[in-house]
2 protein chains.
Amino acid sequence: MSTAEETAGGEAQAWGEVTPDAARRLLVAAVEAFAERGYHATTTRDIAGRAGMSPAALYIHYKTKEELLHRISRIGHEKALEILQVASRREGTPTERLAGAVSSFVRWHAGGRTTARVVQYELESLGPDARAEILALRREVDGEVRGIIEEGVRSGEFDVVDVHGTTLAVLSLCIDVARWFNVGGPRTPEEVGELYADLVLRMVGAQGPTA
Amino acid sequence: MSTAEETAGGEAQAWGEVTPDAARRLLVAAVEAFAERGYHATTTRDIAGRAGMSPAALYIHYKTKEELLHRISRIGHEKALEILQVASRREGTPTERLAGAVSSFVRWHAGGRTTARVVQYELESLGPDARAEILALRREVDGEVRGIIEEGVRSGEFDVVDVHGTTLAVLSLCIDVARWFNVGGPRTPEEVGELYADLVLRMVGAQGPTA
DNA sequence: GGCCACACTAAGCGCTCGCTCACCTTCGGC
DNA sequence: GCCGAAGGTGAGCGAGCGCTTAGTGTGGCC
């Protein structure tokens, strides 16, 4: 709510479902640390320190450092998927739904940049099993966007030659927001969301008003 | 040349200017390792091993592990900038030059994915001085693309409301290719380059034939 | 009040990291 | 045929890593 704190502290509300309290504090601390330094450059001592605890406390709530990343990644991907599912199943034309999906997806990547960074860019630090689980979620994410684009093509609203390639490009554009978005920068997450929704409608050749 | 080897081995020719031979082999080994595991997860023993040398040999040619990343990053950014400069200064309309710039930029990110990954995603592992130097190169990259878009807007070929935001989006789209492109996948770098050139022309509202 | 389950800490184990150092080989110049 | 520089190796240092273990405080329940 308050725009004063927009770091992971401000994003903490997204982790409200995680209990008990100490486990959540550790998770939020891990998100901050992983986003700043990357998974491999983050030490368990750093995570515990940010949460105001001793290094050993981490291992009461999590078996390994990797389990922290795994949990963060799964919760984050589930949230991202949920955002797209809600947007995709709303009433409206494919044009309206694609614009809504892109703008809310981008808003999440920009506003929750700290979390999104970890979710989108630390995937390869996971072990094979955890990575496979997350990749399944990503295929679902992909499917939601492709579904809207396919509908728009069928209805004649969109003009797209390569549906898979365009889907990939749209998602890629949205995801990369987490890499470059700067909280102190000139744009708000909402502004980027609107700009990107417009750009994506142009990419798919939407007929309606694009601005 | 040969399409048989498209890993960093095949990209090795791009490092031809680096001498002596042993220093180049170490650099290529470092590119491969950084791209696979990330900078922090790569050990100097791994780099030296890939180059067929003992761990100590690394320190004859480079002062630290970070110097390897710094050199890779600078050479890579200079190459990326050169690609855009050549495309930008060619003869032709803004539409033609933007399409050429995007397709060759994307081709580089897809074909030289191993290198591009390190160049685009390991920036934050550099120390402050090295990072500042690289960021200056990135601003030049940004300026090249923005220049073409501004010209297209002035000539009336492009319909762009937010030039800075659109420039950011175009570059973001191209750069993210390095994250998802798979050498064994269904698309060649050339195909992705053509698709993306088309998508970018749509994004800027280019008037001419977009396919 | 006595007791136990739980959350947490201080200390530190075994290991691997980036990096160094003493020594060895190879080879062109005279 | 000897020499010094250049380029390499094997062994290992100090530091910091992920993680463990023995012990401490604390709050709820009979």
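The shown structure was predicted, so the numbers you read here are calculated from the model rather than taken from an experiment. Protein chains get the first letters and strands the later ones, always in sequence-line order, with residue 1 at the start of each.
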Scanning both residues in full, the closest heavy-atom pair of Ala41(A) with Arg37(A) reads CB-O, 3.3 Å
May I ask you to evaluate whether Tyr59(B) reaches the phosphate of dT20(C), defined as a side-chain N or O under 4.0 Å from OP1 or OP2? no
Whole-Å distance between dG16(D) P and His40(A) NE2? 20 Å
Nearest whole Å is fine: how far is dC19(D) C1' from Glu67(A) CD? 14 Å
Which of parallel (below 30°), tilted (30 to 60°) and perpendicular (above 60°) describes His109(B) and Phe105(B)? perpendicular
Heavy-atom closest contact (Leu26(B) atom, Leu58(B) atom, distance): CD1-CA, 4.0 Å
Lys65(A) atom NZ is separated from dT20(D) atom P, nearest whole Å, by 14 Å
Residues 188-197 of chain B vs side chain to side chain donor-acceptor pair (under 3.5 Å), sequence neighbours excluded, gives none
Generate the contact string for nucleotides 5-12 of chain D. Rules: B means base contact, S means sugar-phosphate contact only, - means no protein heavy atom under 4.0 Å. ---BBB-B
Ion pair check, Glu124(A) and Arg117(B), cut-off under 4.0 Å: yes
In whole Å, I'd like the distance from the CG atom of Leu58(A) to the P atom of dA7(C). 15 Å
How long is the line joining OH of Tyr62(B) and C1' of dG18(C), in whole Å? 17 Å
Only one of Arg139(B), Arg138(B), Arg74(B) passes salt bridge (Lys or Arg N to Asp or Glu O under 4.0 Å) with Glu133(B); say which it is. Arg74(B)
